[in-house]
Number of protein chains: 2
Amino acid sequence: MSHMVYTCLMPLDRDHVLRRAAALLTRKSTATMDEVARSAGISRATLHRHFAGRDALVRALESLGIEECEAALDTARLDEGPASDAVRRLVREIEPAAGLLAFLYGENQLFEGEGQNEGWARLDARIAALFRRGQESGEFRIDLTPAWLTEALYGLVASGAWAVLDGRVATKDFQFMITELLLGGALRREEP
Amino acid sequence: MSHMVYTCLMPLDRDHVLRRAAALLTRKSTATMDEVARSAGISRATLHRHFAGRDALVRALESLGIEECEAALDTARLDEGPASDAVRRLVREIEPAAGLLAFLYGENQLFEGEGQNEGWARLDARIAALFRRGQESGEFRIDLTPAWLTEALYGLVASGAWAVLDGRVATKDFQFMITELLLGGALRREEP
DNA sequence: ACCATATGAGACATTCGCGTCTCATGACGG
DNA sequence: CCGTCATGAGACGCGAATGTCTCATATGGT
């Protein structure tokens with residue numbers, strides 16, 4: 001029997017395939033199942049053995065993205081310390097998943113219909129809660145709703161991921177550009 | 001003969017079709033040619049008479065989006081007055097095209113390959129010049145590059161359009177949310 | 001050495017959207 | 001009243017991608 005193969009190699013392989021798929025689909029969202037398979041170094045047949053179909057693959061990517069985001073939120077400890085620092089930690093931790101997130105963000109077909117993953121709602125709630133905490137503590141302005149700030153965070157992360165992918169922004173500037181714009185905006189701060 | 005039909009009705013019709021196509025494709029970027037036609041109230045045959053194929057349709061939408069953006073930039077008079085006011089005017093003028101822009105922004109296949117419309121480069125240059133002007137006048141901070149601010153503007157406009165489409169943000173708040181976040185950020189301003 | 005299993009390669013039918021075609025209809029101008 | 005032209009409806013073939021299948025191979029454990 002090969003139960004050890006099941007419990008040790010398989011998940012690694014599946015994860016590897018998912019990550020390559022994410023990387024490819026981020027650049028070319030219309031990539032073929034065959035292209036995805038080649039990109040992961042396996043054959044189309046094997047890809048179909050792991051994922052029932054393209055839909056199942058995208059769903060798996062969605063779950064992976066949600067998992068990574070939730071892990072990032074956990075690591076970022078959103079409810080500790082100043083809210084602005086928590087936002088910085090959040091962006092830093094979420095950066096590795098930015099590409100995948102950008103792909104899923106553009107896959108708007110996921111968000112229509114009733115079958116949408118409730119993980120997004122959980123993420124939205126946690127991030128919005130962070131912004132609300134910052135508002136209640138007086139750190140953040142109250143005339144921008146937490147829902148919009150959450151939306152804007154997603155949008156900026158996706159924009160940043162694409163800009164990095166296209167070479168318009170350096171990878172090392174990713175976190176700085178997003179957090180500084182999101183928190184401080186483009187205007188010069190008055191010297192205190 | 002019906003030359004008057006050509007010069008009067010046709011352009012209106014074509015424009016109408018393009019706008020309906022933009023509205024539909026913004027929500028469902030994988031919409032069928034048949035769905036686009038139905039959405040515009042015409043048959044698939046007529047749609048194919050106006051646009052050689054799906055690719056031509058998307059290219060026409062791209063040109064329309066660029067035209068509307070350039071018109072918005074013209075109306076906004078980016079080189080007059082304080083740069084922050086110019087940004088506010090820019091967002092206000094660009095709002096009607098936000099949905100179309102969001103669709104094109106997600107159509108990343110347009111930006112790969114050499115056949116990309118040079119109109120985007122013109123728009124990028126004009127918007128980046130605005131941010132640079134703001135930096136040189138001391139209004140904007142200099143640690144966020146004009147290229148990134150331009151990218152972020154696109155991303156926020158797209159995010160805003162989608163948020164409005166999904167009912168997460170009120171239409172009347174669109175301009176305020178974007179300009180305030182882009183210019184001022186989420187942090188509370190110190191009272192001067 | 002033997003067997004089980006995952007894999008790769010390839011064939012196959014199916015589905016789906018696209019692009020083109022024809023024909024009938026209706027509107028509009030001469 | 002008649003001709004022209006755009007349109008709608010529908011049929012048709014094509015190509016691409018998908019999903020399923022079989023078979024040969026290699027790897028790894030017994």
Side-chain angles (χ1 to χ4, degrees), chain A residues 1-22 24-62 103 106-110 112-113 115, chain B residues 1-22 24-62 103 106-110 112-113 115:
Chain A
M1 285 186 288
S2 58
H3 287 149
M4 298 200 327
V5 176
Y6 279 134
T7 55
C8 297
L9 282 182
M10 275 278 296
L12 280 179
D13 219 18
R14 178 189 164 93
D15 200 71
H16 171 248
V17 170
L18 278 178
R19 290 184 189 289
R20 295 308 299 259
L24 175 59
L25 289 172
T26 298
R27 291 189 311 248
K28 186 182 177 187
S29 60
T30 62
T32 293
M33 289 293 276
D34 192 82
E35 293 175 287
V36 172
R38 302 283 171 186
S39 161
I42 62 178
S43 73
R44 198 167 65 94
T46 304
L47 182 60
H48 269 87
R49 286 186 188 102
H50 285 326
F51 305 97
R54 187 191 185 77
D55 196 64
L57 175 65
V58 176
R59 288 310 174 116
L61 284 172
E62 187 186 22
F103 162 67
E107 206 76 347
N108 47 14
Q109 57 184 358
L110 288 175
E112 64 185 22
Chain B
M1 287 187 287
S2 58
H3 286 150
M4 299 201 325
V5 176
Y6 280 132
T7 54
C8 298
L9 282 181
M10 274 277 296
L12 280 180
D13 220 19
R14 178 187 164 93
D15 199 72
H16 171 249
V17 170
L18 278 178
R19 293 188 185 285
R20 296 308 299 260
L24 176 59
L25 289 173
T26 298
R27 291 188 312 247
K28 186 183 176 185
S29 60
T30 62
T32 294
M33 289 293 275
D34 193 81
E35 293 176 288
V36 173
R38 302 284 170 183
S39 162
I42 63 177
S43 73
R44 197 166 66 96
T46 304
L47 181 60
H48 270 89
R49 286 186 189 102
H50 286 325
F51 306 96
R54 187 191 185 78
D55 196 64
L57 174 64
V58 175
R59 289 309 174 115
L61 283 172
E62 187 185 23
F103 161 68
E107 207 73 349
N108 46 14
Q109 57 183 359
L110 288 175
E112 62 186 23

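Per chain, numbering begins at 1; letters A, B, ... match sequence-line order. Please read these numbers as outputs of a predicted model, since none were measured by experiment.
You'll find the side chain of B/Thr30 stays beyond 4.5 Å of the side chain of B/Leu25, heavy atoms only.
What separates CG of B/Leu47 from C1' of D/dT7 is a distance of 13 Å, to the nearest Å. Put simply, CZ on B/Arg14 is 13 Å from P on D/dT7, counting in whole angstrom units. Rounded to whole Å, atom P of D/dA9 lies 16 Å from atom CE of B/Met33. Note: CZ (B/Arg54) to C1' (D/dG15) measures 16 Å, nearest angstrom. Note: CG (B/Asp34) to C1' (C/dG19) measures 13 Å, nearest angstrom. In this structure, A/His50 places its NE2 atom 9 Å from C1' of C/dA6, rounding to the nearest Å.
Few gaps surround CZ on A/Arg54; more than 12 heavy atoms of other groups in view lie less than 6.0 Å from it.
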* Taking it one step at a time, do A/Leu47 and A/Asp34 satisfy side-chain contact (heavy atoms from CB on, under 4.5 Å)? -> CA-CA 9 Å; A/Leu47 182 60; A/Asp34 192 82; over 6 Å; no
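Taking only side-chain atoms of A/His48, from C-beta outward, the nucleotide of D/dT18, C/dC21, C/dC18 with the closest atom is D/dT18. Counting only heavy atoms from C-beta on, B/Ile42 has its side chain closest to D/dG8 among D/dG8, C/dG17, C/dT7. When the nucleotides D/dT18, C/dG8, C/dC21 are ranked by their closest atom to the side chain of B/Ala45, C/dC21 comes out on top. Here the nucleotide nearest the side chain of A/Thr46, chosen from C/dG19, C/dT7, D/dG19, is C/dT7.
Toward the 5' end of DNA chain D, the nearer of the two residues A/Glu35 and A/Ala52, judged by each one's closest nucleotide, is A/Glu35. Of the residues near DNA chain C, B/Asp55 and B/Arg49, the one whose nearest nucleotide (by heavy atom distance) lies more toward the 5' end is B/Asp55.
Formation of a donor-acceptor pair under 3.5 Å by the B/Thr26 side chain with backbone atoms of B/Ala22 is found in this model. No donor-acceptor pair closer than 3.5 Å links the side chain of A/Thr46 to the backbone N or O of A/Ile42.
The phosphate of D/dT7 (OP1 or OP2) has no side-chain N or O of B/Ser43 nearer than 4.0 angstrom.
Residue side chain B/Arg44 reaches the base of C/dG19 through a donor-acceptor N/O pair under 3.5 Å, judged by distance alone.
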